[in-house]
2 protein chains.
Amino acid sequence: MSLRHALLGLLADGPASGYDLLGTFRTSLENVWPATQSQIYTDLTKLDAAGLIRIAAEGPRGRKTYEITDEGRAELRHWLLETAPEGYRRNDILLRVFLLGAVEPEEARGFLRTRAHSATTRLAALRSFDESMDWGGDPLSVYGRLTLEWGKRFMAMQAEWAEWAEKEVAALEATR
Amino acid sequence: MSLRHALLGLLADGPASGYDLLGTFRTSLENVWPATQSQIYTDLTKLDAAGLIRIAAEGPRGRKTYEITDEGRAELRHWLLETAPEGYRRNDILLRVFLLGAVEPEEARGFLRTRAHSATTRLAALRSFDESMDWGGDPLSVYGRLTLEWGKRFMAMQAEWAEWAEKEVAALEATR
DNA sequence: CCCTCCATGTAAGTCGTTACATGATTGT
DNA sequence: ACAATCATGTAACGACTTACATGGAGGG
């Protein structure tokens, strides 16, 4: 259901075509809510049929520019403020950790080391992206910055946790 | 694909029936990899057909106890150590934050306050769960403790971030 | 002229959820 | 007896992915 809401949210900021929206998903939303070209086009058609968006203009190469309707704005508002987010839910790293008893402790430690390393690398990438951006005062920039900050804090947390966890496994290994 | 691996991982620890596994998903794996009864039974059938598990015994009420096969262990090992985890990926809270420009700053702050509050509540629940458990030395306990610790750190991070973010929005509101 | 980018659409298949459907065993 | 719990299965539907398919427009 959420991709439809993501599309509504982006269109609330101004009219755009499926192609334009695809670009936004590939850049800004890649790490928050990935979507494929195929899904974007089918959901735009459905939102149009449901009356939540409408075709504002048609351009060259069959381009269709969509805009949000009043009904769409109402639905977006409802979803944003009156529905409970799921939050985290389903984490394939933690699932692996939970099942790590199936391999040797030394291998488990290797897994955790790799996690620490990859979180550190990602953190560095997010930091340099943050510094390269010149954040404007427009809504998408402001709230985009908040999500980026979340990403940085998340990666820092993950790296520290993985290092701690590796030591825990090492300590356990030593007592046997 | 991962539910199949979760089932393999649990069966690597010892034989169990679909019903037994359902219990584990409802308790230990609820916040890591939720699964429904329906999905567990269909995937057990598929794993059996693929030769990764087999029926070890049949009991009363049609109970089937499954056990992992050597092929299953090999597949589990491969998935655990040689495939790249996806990690975070898709967060409906962050998606909402990214789109928060569609509502009034005061409403956005309310959203963030609610996030902070709910993360704090969840953190408290995890803490008391942790204290109520007497963690044994068996593999599932050891690695289960590591995932719980992750949950605590995650909730603490989320609460702090949400409080920080609310202030950022407030500061922005003041400059207009 | 050709390559790149713009631009949209559909089909097949997997994964997951909700709901329906059934029945045996055990403890009180 | 009857309620709770044990125990499994299937059907329909929604969300998402991968792959296929097509064609126009603009720049060098």
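Protein chains get the first letters and strands the later ones, always in sequence-line order, with residue 1 at the start of each.
- For A:Tyr19 and D:dT22, the OH to P distance is 20 Å, given to the nearest whole Å.
- Note: CE (B:Met1) to P (D:dT18) measures 14 Å, nearest angstrom.
- Between A:His5 and A:Trp79, the two ring planes are parallel [angle under 30°; tilted spans 30° to 60°].
- DNA chain D is contacted by B:Gln37, B:Ser38, B:Tyr41, B:Thr42 of residues 35-54 of chain B, taking any non-hydrogen atom closer than 4.0 Å.
- In terms of position on DNA chain D, the residue among A:Arg61 and A:Leu3 whose nearest nucleotide sits closer to the 5' end is A:Leu3.
- We find that CG of B:Leu22 is positioned 9 Å from P of D:dT8, with the value rounded to whole Å.
- The nearest whole Å value for the distance from the OH atom in B:Tyr66 to the P atom in D:dA7 is 13 Å.
- A donor-acceptor pair under 3.5 Å links the side-chain atoms of A:Trp161 to the main chain of B:Leu146, judged by distance alone.
- Using a 30° and 60° split on the angle between ring planes, B:Trp135 and B:Phe129 fall in the perpendicular class, above 60°.
- Geometric assessment of A:Arg153 against the ring of B:Trp164 yields a positive cation-pi assignment under the 6.0 Å and 45° thresholds.
- The nucleotide range of DNA chain C contacted by chain B, defined by atoms under 4.0 angstrom from heavy atoms of the protein and reported 5' to 3', is C:dC15 to C:dT25.
- Partners of B:Glu67 under the side-chain hydrogen bond (donor to acceptor under 3.5 Å, both in side chains) rule, at least two apart in sequence or in another chain, are B:Arg54.
- Using a 3.5 Å distance cut-off with no hydrogens or angles, the side chains of A:Thr45 and A:Asp48 do not pair a donor with an acceptor.
- Atom CG of A:Leu76 and atom CG of B:Leu99 lie 7.0 Å apart (nearest 0.5 Å).
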Check your understanding: Should A:Arg4 and A:Glu75 be marked as a salt bridge (charged side-chain N to carboxylate O under 4.0 Å, His left out) after you check the CA-CA gap, both sets of side-chain angles, and the distance that decides it?
Key -> CA-CA 10 Å; A:Arg4 297 246 247 293; A:Glu75 171 56 32; over 6 Å; no
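- Where B:Gly18 and B:Arg89 meet DNA chain D, the nucleotide closest to each residue was compared, and B:Gly18 sits on the side nearer the 5' end.
- Nucleotide D:dT17 holds its C1' atom 15 Å from the CZ atom of A:Phe25, rounded to whole Å.
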